[in-house]
Amino acid sequence: MKIQEIKTQLTLSNVLHHYHLKPDKNMRMCCPFHADKTPSMQVYYKTHTAYCFSSNCKTHGKSLDVIDFIMYKEGSTKREAILKAKGMISGETNNNKNTKALTRAAVLTRMFTYFKKGANYSKPAKAYLEKRSLDITKTEVGYNSGQFHHGDRKEEALIESCVKYGLLLDTGLTARTGNIAYKPFGKWCVVFALKDRASQIVSMYFRSTLEKKDVRHFYLRDRQGLYPGYPAANAKRLILAESIIDAASLLEQESIKSKYEVLALFGTNGLTAEHQQAIREMEKLEEIIFFLNGDEAGKSAVNKYASLLKGEYPEVTISNVEVPENEDVNSLLQGHSGEILVHLIESRKEYELIFSNEFSIEKKVSEVAEVIEMKEVKEEEKKEKPKKKNSLDTNNPYNLKYQGNEARYQIKGFKINQLDSLKITLQVAAK
């Protein structure tokens, strides 16, 4: 295994966990390489490096990658640190060849690295990504041919771990070789990694390249993690896309990637508790931008989630990108250049609560007026008095007036875009 492969497969979070080290919420910790009472080491999970800002530290001035960190922590040579790193990846950190306790993150990181290599040599994967106008050199994506557990690639510990985490399914059948016949999960699918707060791969999303299949979307069981990962805590603007492929389409546009954080929902009902927690950790957030599909499901999802997020973050601007009817982010990219996505985002509008006709203000006021009128008519009939003409005045939407037979009614103070916190004044003046 080459050094670059080690750095790709072994995350800094894995290394810190191995040494029972944990940074605080600002990604700082006491440096383990010198006497440090005040946290002086900054951890960077996105680059998998660490840096000590103390001039008293022997590592001061050096950005530490995972191998450097192990070398200084163990007081070993670089070669010994490399061997230790390999052991962390395989789960054999004590040089015990029978050890099979591979962590979920270690297994999925290793498998995603394998899938990424497969995408580079797979004609079906390249054809599918080209059809979706995605560039394999810009998007971190893999391809599952379903062959990783055969031939020279067969490793008992890895197979057991893949069964444990859902990448292989035990069918209960026996192959011609006499071995268990496993069914690979997500075969013939392009693969995207879902990452946790520490940027570790903790789950995967599979999209079938076979268009004739009835079901095309697959997630590993016990789904966790987000795509492309947790947004930066200091980011100010966040775009929520409806799908992972839509998010990947946005991230390939450098002018979007450089200005906004992008987070994929898991469909129109896919704003999970983990999404909400990730948004909650964005301490400097100023704006949330919805960029969902231009169909009824997408519009309904915006209406539902915008109200939810506005209630939790009243000081954050909630915006909506107006998408042409029955289009989505990726279909727009297929039919146009990436500039159309930039244009639509720049033309976004601040969100206003939209009601369907059955919940419209005009209809509700009319229904209320009818109830009042019927009640007054009955009272008049009892008194055997002639009915007087009633009227509803809606000229001023913030001061509705209704002239009844016995009194004059005025409803004041509400706004159509503030019904989530409705406050009104009802004034009744008897004749």
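- Smallest separation of non-hydrogen atoms from N26 and Q42: O-NE2, 3.1 Å.
- Relative orientation of the F192 and Y205 rings is tilted, given thresholds of 30° and 60° on the angle between their planes.
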Could you please spell out the steps behind the salt bridge (Lys or Arg N to Asp or Glu O under 4.0 Å) verdict for K236 and E287?
CA-CA 6 Å; K236 295 182 179 180; E287 183 179 14; over 6 Å; no
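- Closest approach of D295 and N326 over heavy atoms only: CB-OD1, 3.9 Å.
- Counting only distance, with no hydrogens or angles, the side chain of N14 and the backbone of H18 share no donor-acceptor pair below 3.5 Å.
- Under the 4.0 Å criterion applied to side-chain N and carboxylate O atoms, E286 and R237 are not assigned as salt-bridge partners.
- The closest donor-acceptor contact from the side chain of E80 to the backbone of T77 lies under 3.5 Å.
- For the residue pair E5 and Q9, no side-chain donor N or O sits within less than 3.5 Å of a side-chain acceptor on the partner.
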Could you please spell out the steps behind the side-chain contact (heavy atoms from CB on, under 4.5 Å) verdict for S249 and L134?
CA-CA 7 Å; S249 302; L134 292 175; 3.7 Å; yes
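- The backbone N or O of T11 sits nowhere less than 3.5 Å from a side-chain atom of H48 that would complete a donor-acceptor pair.
- Side-chain N or O atoms of E242 include one that pairs as donor or acceptor with a backbone N or O of N293 at under 3.5 Å.
- Side-chain N or O atoms of D36 include one that pairs as donor or acceptor with a backbone N or O of C31 at under 3.5 Å.
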For N303 and S300: C-alpha separation, side-chain torsions, deciding distance, then whether side chain to side chain donor-acceptor pair (under 3.5 Å) applies.
CA-CA 5 Å; N303 198 37; S300 297; over 6 Å; no
After noting the C-alpha distance and the side-chain angles of T49 and T47, does the key distance pass the side chain to side chain donor-acceptor pair (under 3.5 Å) rule?
CA-CA 5 Å; T49 57; T47 58; 2.7 Å; yes
Between L226 and L194, does a side-chain contact (heavy atoms from CB on, under 4.5 Å) hold up when you go through it step by step?
CA-CA 5 Å; L226 303 172; L194 307 184; over 6 Å; no
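- Contact check for L220 versus F185: side-chain heavy atoms found under the 4.5 Å cut-off.
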Trace of the side-chain contact (heavy atoms from CB on, under 4.5 Å) decision for L129 with V141
CA-CA 9 Å; L129 294 171; V141 61; 3.7 Å; yes
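- Annotation: side chain of V15 is not in contact with side chain of L21 (no heavy-atom distance under 4.5 Å).
- Atoms CG and OG, on L341 and S255 in that order, are 9.0 Å from each other to the nearest 0.5 Å.
- Between T317 and E350, the side chains place no donor N or O within less than 3.5 Å of an acceptor N or O (distance only, hydrogens not considered).
- In terms of modelled atom types and a separation under 3.5 Å, the side chain of H336 and the main chain of L332 share a donor-acceptor contact.
- Ionic pairing of E274 and R280 is not present here: no N-O contact between side-chain nitrogen and carboxylate oxygen is shorter than 4.0 angstrom.
- Counting heavy atoms from C-beta on, the side chains of F291 and N320 never come closer than 4.5 Å.
- By the neighbour-count criterion of 12 heavy atoms within 6.0 Å, atom CD of E339 is sparsely surrounded, having that number or fewer from other residues, nucleotides or ligands.
- For F115 and Y143, the gap between ring centers reaches or exceeds 6.0 Å.
- For F112 and Y114, the gap between ring centers reaches or exceeds 6.0 Å.
- N330 places no side-chain N or O within donor-acceptor distance of the main-chain N or O of D246, the cut-off being under 3.5 Å.
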CA sep, side-chain torsions, deciding dist, call: F266, H275, ring-ring contact (aromatic ring centres under 6.0 Å, His included)
CA-CA 10 Å; F266 300 141; H275 285 94; 5.0 Å; yes
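- Scanning all heavy atoms of the two residues, the minimum distance from S76 to A81 falls at OG-N, 3.8 Å.
- N120 and K126 are not linked by any side-chain donor-acceptor pair at a separation below 3.5 angstrom, with hydrogens and angles left out of the test.
- At a threshold of 4.0 Å, the pair E140-K195 counts as salt-bridged, since one of the basic side-chain nitrogens sits closer than that to a carboxylate oxygen.
- Heavy-atom neighbours of E315 CD from other residues, nucleotides or ligands within 6.0 Å: at or below the threshold of 12.
- In this structure, S319 and R348 approach most closely via the heavy-atom pair CB-CD, 3.8 Å.
- If you look at Y351 and F290, their ring centroids are not closer than 6.0 Å.
- Under 4.0 Å is where a charged nitrogen must lie from a carboxylate oxygen, and between K138 and E254 no such pair does.
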Passes side-chain contact (heavy atoms from CB on, under 4.5 Å), L263 versus L238? Steps please.
CA-CA 7 Å; L263 187 58; L238 173 68; 3.9 Å; yes
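- By the 4.5 Å heavy-atom criterion applied to side chains, R207 and V191 are not counted as neighbours.
- Side chain of T109 to backbone of A106: no donor-acceptor contact under 3.5 angstrom is found.
- In terms of heavy-atom proximity, P184 sits nearest to L168 at CA-CD2, 3.8 Å.
- For the pair T272/R223, a side-chain contact is recorded, criterion being any heavy-atom separation below 4.5 Å from C-beta on.
- What you find for E322 and L344 is that their closest heavy atoms are O-CD2, 3.6 Å.
- Contact annotation: the side chain of L10 never approaches that of K86 to less than 4.5 Å [non-hydrogen atoms, C-beta and beyond].
- Between F33 and Y72, the ring planes are tilted. Angles from 30° to 60° get that label.
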